[in-house]
Amino acid sequence: MTASDHPQNISGSAIDALMDAAVDAIIIIDSQAHIKRFNLAAEQMFGYREQEVRGHNVKLLMPEPHHSLHDGYIQRYGETGKAAIIGQGREVIGLRKDGEEFPMMLSVGEIEQSDDELYVGIIRDLSDMHAAQEKVRQLEEQLLHADRLVILGELTAGIAHEINQPLTAIAAYADAGRKIIDRNATPPRKEMDFICERMGEQSRRAAEVVQRLRKLVRSGTVSKSKHDINQIIRNTLLLFEYEIKRTNIELTFYPLESLQLLYVDEIQIQQILVNLVKNSLDAISEAGLTGGRIEIRIRESGPVVEISVIDNGPGVSVADQDKLFDSFFTTKPKGVGLGLSICKSISAAHGGNLRYRQSDISGSTFTLSLPLEFIG
Ligand SMILES: Nc1ncnc2c1ncn2[C@@H]1O[C@H](COP(=O)(O)OP(=O)(O)O)[C@@H](O)[C@H]1O
Ligand SMILES: [Mg+2]
């Protein structure tokens, strides 16, 4: 469209009215980056009056490092005609008069005129949106944390047992050592050595359990790094040792040693597994089954790895299958119904998913798929 296609030229005062009615901040600068116009919304956003900033370099509104780099951007555009920013909005940081920095969406357009080039920047303050996103993130984190605490509460007996066992062993070694000392004027070096060695081993084992628990109990931000999934699963299953013995349920893990390291949040993957295994244990126990069995299998399938928790419990009725992953869906008298919905969102945050199907051993199979290569 050329200028002559316009039905009529828009007067200066009409442009003023438009600028001041705009909800977004609008700033017009010349080719030297000097501010020519600064609308009402810009005044409110940045805290300057138009008179204060007119004629000033627009970098006044940018924190470092862009403050210092901006002259270079403009110069490069003058020389190459290439501006990274023109024509596409991007998120940048702005600087208010009072020194506060804030996230903003900036889009820049060019107004070609015969005498001098003008650029118009349209700016939206993203602070509120970011604050809302942060709030949602915090709530999600709290929910994940709460779920871990609930599960740990349910596993308390097993955890206590896991810590108690090495402590009992240490006490027994100490007693044995005492007896040897009592019986011998010069205690045999070899035996004492052995006892000290075992005591050290057992206390390290107890410390490791505590360490693992502290990780699970800790609330904190997600931190993904490369992990061996087999190892994560082994560590998780240790939490169930006692429960498994108590209930006589057989739990078998089939690792896939050839699996490459995956980029995951260790605690969150543990959380999925703990939830799935606990659900299987609950399902088998509630059905009053003897010969209960749980299998954990891993396999690679194209670009993903599939981790399945398979049980021979009662399975899920067709009517309930659609609701399984809904928040607060539970069939247990004391259930909360958040486990599977949380597992599903953790999977999604890892670029994967979680599905249910009937298992070949007539109960449930929950399969977590995770991409082998994840960028996120
Ligand atoms: N392995 C399973 N076998 C049978 N039913 C299951 C299994 N896992 C989950 N479910 C069903 O899904 C429901 C929701 O599970 P979940 O979200 O973990 O919440 P909760 O365990 O608190 O009930 C359970 O109440 C149960 O009815
Ligand atoms: Mg559950």
Side-chain angles (χ1 to χ4, degrees), residues 139-159 213 216-217 232-233 236-244 246-254 267-298 306-350 352-370:
L139 286 172
E140 278 174 352
E141 214 168 71
Q142 284 168 11
L143 193 59
L144 288 186
H145 185 220
D147 175 63
R148 291 205 292 272
L149 294 183
V150 167
I151 288 258
L152 282 175
E154 289 174 357
L155 294 174
T156 308
I159 291 162
L213 285 176
L216 274 176
V217 171
I232 293 184
I233 296 177
T236 310
L237 296 186
L238 288 176
L239 291 173
F240 290 100
E241 257 176 17
Y242 176 80
E243 187 97 354
I244 294 290
R246 191 179 63 80
T247 52
N248 253 328
I249 292 170
E250 193 185 310
L251 175 83
T252 321
F253 170 42
Y254 300 90
I267 299 301
Q268 294 197 344
I269 298 301
Q270 281 197 14
Q271 186 165 3
I272 294 183
L273 284 158
V274 168
N275 267 302
L276 295 181
V277 172
K278 184 76 175 83
N279 278 347
S280 288
L281 285 168
D282 288 348
I284 292 170
S285 303
E286 272 164 31
L289 283 174
T290 48
R293 241 164 75 210
I294 303 172
E295 294 173 9
I296 299 172
R297 293 181 180 273
I298 312 187
E306 294 183 343
I307 302 152
S308 295
V309 177
I310 305 156
D311 67 57
N312 65 348
V316 178
S317 72
V318 177
D320 286 347
Q321 285 178 18
D322 287 344
K323 294 175 259 170
L324 265 186
F325 297 99
D326 293 351
S327 303
F328 306 116
F329 172 75
T330 181
T331 56
K332 302 172 193 171
K334 286 188 182 161
V336 182
L338 282 177
L340 288 176
S341 102
I342 285 175
C343 293
K344 190 135 190 139
S345 51
I346 297 178
S347 323
H350 281 79
N353 63 47
L354 180 66
R355 289 182 316 261
Y356 167 83
R357 68 179 169 79
Q358 207 182 13
S359 80
D360 300 334
I361 48 177
S362 85
S364 306
T365 297
F366 284 88
T367 302
L368 164 68
S369 331
L370 295 173

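We number each residue from 1, following the sequence as shown. Both counts, for ligands and for their atoms, begin at 1 and track the order of listing.
Under 4.0 Å from ligand 1, not a single heavy atom of Asp320 appears.
Of the protein's heavy atoms, Leu324 CD2, 3.1 Å lies nearest to atom 12 (O) of ligand 1. Protein heavy atom nearest atom 21 (O) of ligand 1, with residue, atom name and distance: Lys332 NZ, 2.7 Å. The shortest contact between atom 14 (C) of ligand 1 and any protein heavy atom is with Phe329 O, 3.2 Å. Considering only non-hydrogen protein atoms, atom 6 (C) of ligand 1 sits nearest to Val316 CG2, 3.8 Å. Here the protein heavy atom with the shortest distance to atom 26 (C) of ligand 1 is Thr331 OG1, 3.5 Å.
Atoms of ligand 1 lying under 4.0 Å from any heavy atom of Ala283, numbered from 1 in the order shown and given with element: 2 (C), 3 (N), 4 (C). Of all atoms in ligand 1, numbered sequentially from 1 with element shown, those under 4.0 Å from a heavy atom of Gly335 are 22 (O). Contact atoms of ligand 1 toward Ser364: 1 (N), 2 (C), 3 (N), 4 (C) (distance under 4.0 Å to a heavy atom of the residue). Set against the non-hydrogen atoms of Gly315, the atoms of ligand 1 under 4.0 Å away are 4 (C).
Formation of a donor-acceptor pair under 3.5 Å by the Asn312 side chain with backbone atoms of Gly291 is found in this model.
A heavy-atom separation below 4.0 Å is not found between Gly313 and ligand 1. The closest approach between any non-hydrogen atom of Phe366 and ligand 1 is below 4.0 Å.
Residue contacts to the Mg ion (ligand 2): Asn275 brings no N, O or S atom closer than 2.8 Å.
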